[in-house]
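Contents: one structure, followed by commentary.
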Amino acid sequence: MRYLLHDVFIEKADCCPESTAIVLEDGSQYSYLDLYTYSNKYGNLLLSLNDDIKRNPYVGILSTVHYDSIACVLGTLMVGGVYVPLDEYSPIERLLHIVKNTRMDTIAVDSNLYHYFSPLFLDTNIKRIILLNDDVPIDDNVNIINHSVVQNESSYKIPLYNQVSDDLAYILHSSGSTGVPKGIMLSHRNARTFVDWMKKEFGIR
């Protein structure tokens with residue numbers, strides 16, 4: 001049965017494209033059409049970088065919450081990927097453990113966080129680093145995908161992939177009783193059930 005986290009978003013973008021999807025703290029607003037178009041760019045970029053995303057579906061998101069990070073999360077889900085939030089307040093050693101634990105090979109990062117977390121990107125698992133906002137001067141790192149590449153990517157509508165509700169949507173990491181991050185796997189069914197309950201419980205329209 002198809003009961004996926006991002007399907008609700010796609011349905012909204014189809015039926016009400018001009019409705020407001022995001023309002024940022026600075027007051028800027030983006031419609032569902034804006035966000036859907038931009039999410040397709042991230043999804044198409046991920047497909048162009050990895051022709052077998054099911055083999056290693058994990059995409060780390062090292063970012064605050066903003067237009068690009070939300071679009072990257074949605075683009076990841078739309079192509080069958082699994083996103084892994086990486087807390088920007090965590091020590092690098094903790095994030096390294098998460099990278100090694102999941103064996104993720106792609107991280108999307110806010111440009112202003114890139115240099116501080118550069119030791120993280122030296123891990124041999126990491127093959128691709130996507131900058132979520134401005135381009136930054138880089139040290140000839142061939143793994144870097146500047147934000148201008150994302151902006152120039154195709155916004156072609158990503159087809160509905162053969163996904164099921166028990167597929168993974170994202171992995172959260174707790175502190176763990178030993179201090180070592182422990183991965184908590186959430187399926188699309190888990191996430192949708194929670195979202196649908198919240199919508200009903202609090203009358204969210």
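Note that the numbering runs from 1 along the sequence shown for the chain.
Of the possible polar contacts, one joining the H188 side chain to the L5 backbone as a donor-acceptor pair under 3.5 Å is found. Side-chain atoms of N50 never come within 3.5 Å of backbone atoms of L46 as a donor-acceptor pair (strictly under, hydrogens ignored). When atom types are taken as modelled, the side chain of D110 and the backbone of L62 share no donor-acceptor pair closer than 3.5 angstrom. One N or O on the side chain of S39 and one on the backbone of L35 form a donor-acceptor pair closer than 3.5 Å. Side-chain N or O atoms of N133 include one that pairs as donor or acceptor with a backbone N or O of S111 at under 3.5 Å.
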**Item:** Verdict with reasoning, L172 to L186, per side-chain contact (heavy atoms from CB on, under 4.5 Å)
**Value:** CA-CA 8 Å; L172 302 178; L186 283 300; 4.2 Å; yes

**Message:** Before you tell me yes or no, could you show the steps for Y32 and T20 under side-chain contact (heavy atoms from CB on, under 4.5 Å), namely the whole-Å CA-CA distance, both residues' side-chain angles and the distance that decides it to 0.1 Å?
**Reply:** CA-CA 6 Å; Y32 277 91; T20 302; over 6 Å; no

**Message:** Please evaluate residues L86 and I61 with respect to the criterion side-chain contact (heavy atoms from CB on, under 4.5 Å), reporting the C-alpha separation (whole Å), side-chain torsions for both, the decisive distance (0.1 Å), and the verdict.
**Reply:** CA-CA 6 Å; L86 300 173; I61 310 286; over 6 Å; no

**Request:** Give the intermediate values and the outcome of side-chain contact (heavy atoms from CB on, under 4.5 Å) for residues I70 and H66.
**Result:** CA-CA 6 Å; I70 294 170; H66 53 72; over 6 Å; no

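Checked against the 6.0 Å centroid criterion, the rings of H173 and H97 do not qualify as a close aromatic pair. Taking the six-membered ring where the residue is Trp, the centroids of Y58 and Y83 are separated by 6.0 Å or more.
Side-chain atoms of Y67 and D34 form no donor-acceptor pair, as typed in the model, at a separation below 3.5 Å. Judged purely by distance below 3.5 Å, without hydrogens or angles, the side chains of S187 and N190 pair a donor atom with an acceptor atom.
Note on L160: it clusters hydrophobically with M78, by side-chain heavy-atom contacts below 4.5 Å among ILVMFWY residues. One hydrophobic cluster holds both I129 and I92 under the rule that ILVMFWY side chains link at heavy-atom gaps under 4.5 Å. When the side chains of ILVMFWY residues are joined at heavy-atom separations under 4.5 Å, either directly or via intervening members, F9 and V195 end up in a single hydrophobic cluster. V82 and L4 fall into different hydrophobic clusters, defined by Ile, Leu, Val, Met, Phe, Trp and Tyr side-chain heavy atoms under 4.5 Å apart, directly or through other members. Taken together through direct or relayed side-chain contacts under 4.5 Å among Ile, Leu, Val, Met, Phe, Trp and Tyr, I107 and Y116 form part of one hydrophobic cluster.
Remark: R103 CZ is loosely packed, at most 12 non-hydrogen atoms of other residues, nucleotides or ligands lying under 6.0 Å away. Within 6.0 Å of CD on E201 lie more than 12 heavy atoms contributed by other residues, nucleotides or ligands. Residue K54 qualifies as enclosed at atom NZ: its count of foreign heavy atoms under 6.0 Å is above 12.
Closest non-hydrogen pair, E88 versus L113, comes out as CB-CD1, 3.8 Å. Closest heavy-atom contact between L132 and C72: CD2-CB, 3.9 Å. Y161 and R2 make their closest contact through O-NH1, 2.9 Å (heavy atoms, listed as atom of the first residue, atom of the second, distance). The shortest heavy-atom contact between Q151 and K41 is O-NZ, 2.8 Å.
Here the side chains of Y42 and I130 are in contact, with some heavy-atom distance below 4.5 Å. Put simply, the side chain of S174 reaches to within 4.5 Å of the side chain of I184, judged on heavy atoms.
Of the candidates I144, I145, N112, I144 is the only one forming a side chain to side chain contact (heavy atoms under 4.5 Å, CB included) with L131.
Relative orientation of the Y38 and H147 rings is perpendicular, given thresholds of 30° and 60° on the angle between their planes.
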Check: residues 152-159 side-chain donor-acceptor pairs under 3.5 Å, at least two apart:
from	atom 1	to	atom 2	distance (Å)
N152	ND2	S148	O	3.0
S154	OG	Y156	N	3.0

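Here the CG atom belonging to L77 is positioned 7.5 Å from the CD atom belonging to Q163, to the nearest 0.5 angstrom. Here T106 contributes atom OG1 and N56 contributes atom CG; the two are 7.0 Å apart, rounded to the nearest 0.5 Å.
With side-chain heavy atoms closer than 4.5 Å counting as contact, directly or through intermediates, the hydrophobic cluster containing F194 also holds W197, M198, F202, I204.
Remark: R192 qualifies as a cation-pi partner of Y3 under the 6.0 Å distance and 45° angle criteria applied to the six-membered ring.
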